[in-house]
Asker: 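The structure under discussion is supplied below as structure tokens; questions concerning it will follow.
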Amino acid sequence: MNDLDLPASNFIRDLILSDNANGKYNGHVHTRFPPEPNGYLHVGHAKSIMLNFGLAEEFGGKCNLRFDDTNPAKEETEYVESIVEDVKWLGADFGGRLLYASNYFQQLYDWAVELIKKGKAFVCDLTSEQVRQTRGTLTEPGQNSPYRDRSVEENLDLFARMKAGEFPDGSRTLRAKIDMASPNLNLRDPVMYRILHADHHRTGNHWCIYPMYDWAHGQCDSIEGITHSICTLEFEDHRPLYDWFLEQLGVFHPQQIEFDRLNLTYTVLSKRKLLQLVEQGVMEGWDDPRMPTISGMRRRGYSPQGLRHFARSLGVSKTNGITEFEKLEYYIREDLNRTALRVMAVLRPLKLVLTNYPEGQVEFVEAVNNPEDAGAGTRSLPFSRELWIEQDDFRETPPKGYYRLYPGNEVRLRYGYIIKCHDVVKDPATGEIKEVHCTYDPQTRSGQQTRKVKSTIHWVSAAEALPVEVRLYEKLFTVENPNESPEGADFTTYLNPKSLEIVHGKAEPSLAKAQPGDRYQFERLGYFCADKLTDAGRLVFNRTVELRDTWAKIQKQR
RNA sequence: UGGGAGGUCGUCUAAUGGUAAGACUGCAGACUCUGGAUCUGCGUAUCGGGGUUCGAGUCCCUGCCUCCCAGCCA
């Protein structure tokens, strides 16, 4: 996980530095990454993972992977499995510390009994509706529950019976006895346990009462000896409660630190919304390559290294900001540029005939596998009279600034020869261009010192070309921030109808050996990753990210 | 409106009382058998108003704006 660059300075590191200087926690740093298994991980989690695991590593400490599985109604084993896979894929090392809040249910229960005995918690018979009505508002204090002053004995008895399953869901709760007039609503006698006769993915039906987040989290941190419990901004006003429980119990007291969650332009990063897209069938699944999930990005071709570098580059602060998607793409390209094998593929084929090239002849030309990596070697490509080129690389009447192929113009075929266009064959009925006819200059074979031409285009020999299905992805949403919908508009209103386009192209023969997950650069087009659908009989590629395209930019300006 | 947290280039961050810096984006150019990569250059910022100080993005006062909180979700 130790990647490149010195991680940027941030306030959490500074805080740890000062803790260590003061001897707090004896210089130990132990963090944790605590997802709830109610969905798949997304890039925002990658930021948290890098922060937690990165800080631990930097200070010679440890980081636990802990599932916050306190709500059986929303959690599933499928999610646990996907999360473990994603965390590992990102390269985070939890060293066997795969933990669950549910491991501590008994301890949590015992501690709750302790608080009851201290008169700090009580069983409340109010319905959730009544609790809501007596909570007060932002500006008005709440009212005490009529059950607030039950005797310790009665509370103990009732709580034991809650656990024993005597009462139906929602009929009672265990509440902390704090202050119904607190300006912090979290302190208005918060619920610690609710009754839920539900099957838990790990504890089955052993329990029918489940701890709330606030009651579970800090105590789990304490049990695990977490020193720095890093969470997102929305938990800031939970911190007094986090501290309160720990103080009442008199146990090891980790400190909660809040930072800003990641927001990205042109996508949504909330499990609720992502779930909605999956359930409505808008996306193929959690791993749809358009999803900002780790599994979606993996399928799309993003590399763990690229994602890590991106996450590292993110600032850690308390500002509510939105990071530009372009920044993510930059780090993905940067990594893929160094590692991806180059290959030639034509997405929208146009037939090119070299009229002075002998019919039936095939020769082989040598191509560099990765100009950024001499060790990647070379491969040979068949070259012949009939080739496929990109439709975009030919114009019958070239626009200003176009220096690809057009009648009378010369271009180089990458790793091949310089060719000159002399004719265009059209469908007499539709006027559609069917073939482009050129002559090649035998003196200009690649590797020799020859004259220069303005443009080099990619190609594939028609006879040997492999059919490929290529999925071209665009931004998922049409607006930078789909969350900011004016009056009633649902975020799905801004889904980009063109976020997926499937084309059928032609690829060089070497791609026959592509395995799912293999990443390539299709020269001049972008980075592509073999999809999981790829097998011996079918080649399916996902476009990971386009290459920077100066020409496209010039065209756009006009 | 009560409480909590924030406001530095277009975006994200740095500057810890001492020359406002970097990255992404954008623009311009060089180079190029990828209009890629690489290289060079350019541009724009301390929310407003007071104050303290030799000196304020940083400290104080005040105003404005943004985000979070009224789940038996996390």
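Everything numeric in this text was worked out from a predicted model, so none of it was measured. Chain A is the first sequence line, chain B the second, and so forth, proteins listed ahead of strands; every chain is numbered from 1.
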Asker: Base, sugar-phosphate, or nothing: which does A:Leu233 touch, judged by heavy atoms less than 4.0 Å apart?
Answerer: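 Result for A:Leu233 = nothing.
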Asker: Mind checking A:Thr265 for me? I need base, sugar-phosphate or nothing, with any heavy atom below 4.0 Å counting as a touch.
Answerer: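 Here A:Thr265 touches no strand at all.
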Asker: Is the phosphate of B:rG35 approached by A:Arg524 (side-chain N or O, under 4.0 Å from OP1 or OP2)?
Answerer: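 So the side-chain polar atoms of A:Arg524 do come within 4.0 Å of the phosphate oxygens OP1 or OP2 of B:rG35, strictly under.
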Asker: Please state whether the phosphate of B:rC72, meaning OP1 or OP2, lies under 4.0 angstrom from any side-chain nitrogen or oxygen of A:Arg172.
Answerer: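 Negative; the distance criterion is not met.
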Asker: Does the ring-ring contact (aromatic ring centres under 6.0 Å, His included) test come out yes or no for A:Phe541 and A:Phe522, once each step is laid out?
Answerer: CA-CA 11 Å; A:Phe541 284 89; A:Phe522 289 2; 5.3 Å; yes
Asker: Taking only N and O in the side chain of A:Arg135, is any of them less than 4.0 Å away from OP1 or OP2 of B:rG71?
Answerer: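 Yes, A:Arg135 has a side-chain N/O under 4.0 Å of OP1/OP2 on B:rG71.
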Asker: If you look at every strand shown and take non-hydrogen atoms under 4.0 Å, does A:Pro371 touch a base, only sugar-phosphate, or nothing?
Answerer: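 Base contact - A:Pro371 has a heavy atom under 4.0 Å of at least one base atom.
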Asker: Rounding to the closest angstrom, what is the interatomic distance between B:rC9 and B:rU32 at atom P?
Answerer: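 That atom pair is separated by 39 Å.
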Asker: So that I know where these two stand, are A:His238 and A:Tyr242 an aromatic pair - ring centroids less than 6.0 Å apart?
Answerer: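 Ring centres of A:Tyr242 and A:His238 not closer than 6.0 Å.
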Asker: When the nearest nucleotide of RNA chain B is assigned to A:Lys47 and to A:Asn337 on a heavy-atom basis, which residue is associated with the more 5' position?
Answerer: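 Looking at RNA chain B, the more 5' nearest nucleotide goes with A:Lys47.
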Asker: Are A:Tyr213 and B:rA74 stacked, counting the six-membered base ring, centres under 5.5 Å, planes under 30°?
Answerer: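 Stacking between A:Tyr213 and B:rA74: absent.
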Asker: Rounded to whole angstrom, note down the P distance from B:rA15 over to B:rU58.
Answerer: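 Comparing P positions in B:rA15 and B:rU58 gives a spacing of 15 Å.
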Asker: For A:Lys454, answer base if it contacts any base atom (sugar-phosphate contacts may also be present), sugar-phosphate if it contacts only those atoms, and nothing otherwise; contact means non-hydrogen atoms under 4.0 Å.
Answerer: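 No contact.
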Asker: Which of parallel (below 30°), tilted (30 to 60°) and perpendicular (above 60°) describes A:Tyr40 and A:Trp286?
Answerer: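 Ring orientation of A:Tyr40 relative to A:Trp286: parallel.
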Asker: Just checking A:His238: base, sugar-phosphate only, or nothing, at a heavy-atom cut-off of under 4.0 Å?
Answerer: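 Base, at least one base atom sits under 4.0 Å.
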Asker: Could you give the distance separating B:rC24 and B:rU62 at their P atoms, to the nearest angstrom?
Answerer: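 Each nucleotide's P atom is 42 Å from the other's.
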Asker: When all nucleic acid strands are considered with a 4.0 Å heavy-atom cut-off, which category describes A:Thr173: base, sugar-phosphate, or nothing?
Answerer: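 Base contact - A:Thr173 has a heavy atom under 4.0 Å of at least one base atom.
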Asker: Base, sugar-phosphate or nothing for A:Tyr193? Non-hydrogen atoms, less than 4.0 Å.
Answerer: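 The answer is nothing, as A:Tyr193 stays clear of every strand by at least 4.0 Å.
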Asker: Between A:Arg519 and A:Asp335, is there a side-chain N and carboxylate O pair less than 4.0 Å apart?
Answerer: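 No.
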Asker: Report yes if at least one side-chain N or O of A:Thr319 is closer than 4.0 Å to OP1 or OP2 of B:rC12; otherwise report no.
Answerer: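 A:Thr319 to B:rC12 OP1/OP2: no side-chain N or O under 4.0 Å.
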Asker: Quick one: the side chain of A:Asn320 and the base of B:rG6, do they pair up donor-acceptor inside 3.5 Å?
Answerer: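 By the distance-only test, no, there is no pair.
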Asker: Any idea how A:Phe105 and A:Tyr210 line up, ring-wise: parallel (<30°), tilted (30 to 60°), or perpendicular (>60°)?
Answerer: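 Geometry flag for A:Tyr210 against A:Phe105: perpendicular rings.
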Asker: For nucleotides B:rC67 and B:rC72, find the distance between their C1' atoms and express it as a whole number of Å.
Answerer: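 My reading of the C1' atoms in B:rC67 and B:rC72 gives 27 Å.
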Asker: Base, sugar-phosphate or nothing for A:Asp260? Non-hydrogen atoms, less than 4.0 Å.
Answerer: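 The answer is sugar-phosphate, as A:Asp260 gets under 4.0 Å only of primed atoms, P, OP1 or OP2.
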Asker: Could you work out the separation of B:rG18 and B:rC68 based on their P atoms and round it to a whole Å?
Answerer: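 After rounding to an integer number of Å, I get 35 Å for this pair.
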Asker: Check every atom of B:rA14, B:rA74, B:rU25 against the side chain of A:Ser317 and return the nucleotide holding the closest atom.
Answerer: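 Nucleotide nearest to A:Ser317's side chain: B:rA14.
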Asker: Give me the distance, rounded to whole Å, that separates B:rG43 from B:rG51 when you measure between the C1' atoms they each carry.
Answerer: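 It works out to 34 Å between them.
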Asker: List RNA chain B stems (3 or more consecutive Watson-Crick/G-U pairs, under 3.5 Å)?
Answerer: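 Ordered by first number, the stems with RNA chain B (at least 3 consecutive pairs each) read B:2-7 with B:64-69, B:10-13 with B:21-24, B:26-30 with B:38-42, B:47-51 with B:59-63.
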Asker: It should be established whether A:Lys452 places a side-chain nitrogen or oxygen under 4.0 Å from OP1 or OP2 of nucleotide B:rC33.
Answerer: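 Checking B:rC33 against A:Lys452, a side-chain N or O does come within under 4.0 Å of OP1 or OP2.
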Asker: Mind checking the C1' distance from B:rC27 to B:rU66? Whole angstroms is fine.
Answerer: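 Per the computed distance, 31 Å lies between those C1' atoms.
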Asker: Would you measure the distance from the P atom in B:rU38 across to the matching atom in B:rU16 and give it in whole Å?
Answerer: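 Between the two P atoms, the distance is 31 Å.
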Asker: Examine B:rA74: is either OP1 or OP2 under 4.0 Å from a nitrogen or oxygen in the side chain of A:Arg194? Give yes or no.
Answerer: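 Checking B:rA74 against A:Arg194, a side-chain N or O does come within under 4.0 Å of OP1 or OP2.
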Asker: Have a look at A:Arg404 and say if it touches a base, only the backbone sugar-phosphate, or nothing, with a 4.0 Å heavy-atom cut-off.
Answerer: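 Base: the residue A:Arg404, judged by heavy atoms under 4.0 Å, touches a nucleobase.
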Asker: Students often get this wrong, so: under 4.0 angstrom with heavy atoms, is A:Thr550 touching a base, only sugar-phosphate, or nothing?
Answerer: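 It contacts sugar-phosphate atoms only.
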Asker: Starting at the 5' end of RNA chain B, which residue's closest nucleotide do you reach first, A:Gly136 or A:Pro183?
Answerer: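 That would be A:Pro183.
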Asker: Quick check on the 6.0 Å ring-centre criterion: do A:Tyr100 and A:Phe67 meet it?
Answerer: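 When the ring centroids of A:Tyr100 and A:Phe67 are compared, they turn out to be within the sub-6.0 Å range.
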Asker: Mind checking A:Gly170 for me? I need base, sugar-phosphate or nothing, with any heavy atom below 4.0 Å counting as a touch.
Answerer: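 Base contact.
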Asker: Reckon A:Thr450 has a side-chain N or O less than 4.0 Å from the OP1 or OP2 of B:rC33?
Answerer: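 So the side chain of A:Thr450 is outside the cut-off, no N or O lying under 4.0 Å from OP1 or OP2 of B:rC33.
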Asker: If I take atom CD from residue A:Gln305 and atom CD from residue A:Glu334, how far apart are they, to the nearest 0.5 angstrom?
Answerer: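 It is 9.0 Å, given to the nearest 0.5 Å.
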Asker: For a quick check of understanding: with a heavy-atom distance under 4.0 Å over all strands, which category does A:Tyr210 fall into, base, sugar-phosphate or nothing?
Answerer: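 Answer is nothing: A:Tyr210 stays at 4.0 Å or more from every strand.
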Asker: Checking all strands, does A:Tyr402 fall into the base, sugar-phosphate, or nothing category for heavy-atom contacts under 4.0 angstrom?
Answerer: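 Touches a base.
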Asker: Just call it for A:Gln521: base, sugar-phosphate, or nothing, with non-hydrogen atoms closer than 4.0 Å on any strand.
Answerer: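 Base: the residue A:Gln521, judged by heavy atoms under 4.0 Å, touches a nucleobase.
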Asker: Hey, do the aromatic rings of A:Tyr403 and A:Trp551 have their centres closer than 6.0 Å?
Answerer: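 For A:Tyr403 and A:Trp551, the ring centres are not under 6.0 Å apart.
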Asker: Does the side chain of A:Thr323 get closer than 4.0 angstrom to OP1 or OP2 of B:rU11 through an N or O atom?
Answerer: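 For A:Thr323, the contact criterion (side-chain N or O under 4.0 Å from OP1 or OP2 of B:rU11) is not met.
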Asker: Give a yes or no on whether a salt bridge exists between A:Arg32 and A:Glu224, defined as a side-chain N under 4.0 angstrom from a carboxylate O.
Answerer: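 So A:Arg32 does not pair with A:Glu224 through a salt bridge.
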Asker: Should the ring pair A:Tyr109 and A:Phe159 be called parallel, tilted or perpendicular, given that the plane angle runs from 0 to 90° and is split at 30 and 60?
Answerer: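 Parallel.
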Asker: Give a yes/no answer on whether the side chain of A:Arg188 brings an N or O atom under 4.0 Å of OP1 or OP2 in B:rG2.
Answerer: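 For B:rG2, OP1/OP2 do not have a side-chain N/O of A:Arg188 under 4.0 Å.
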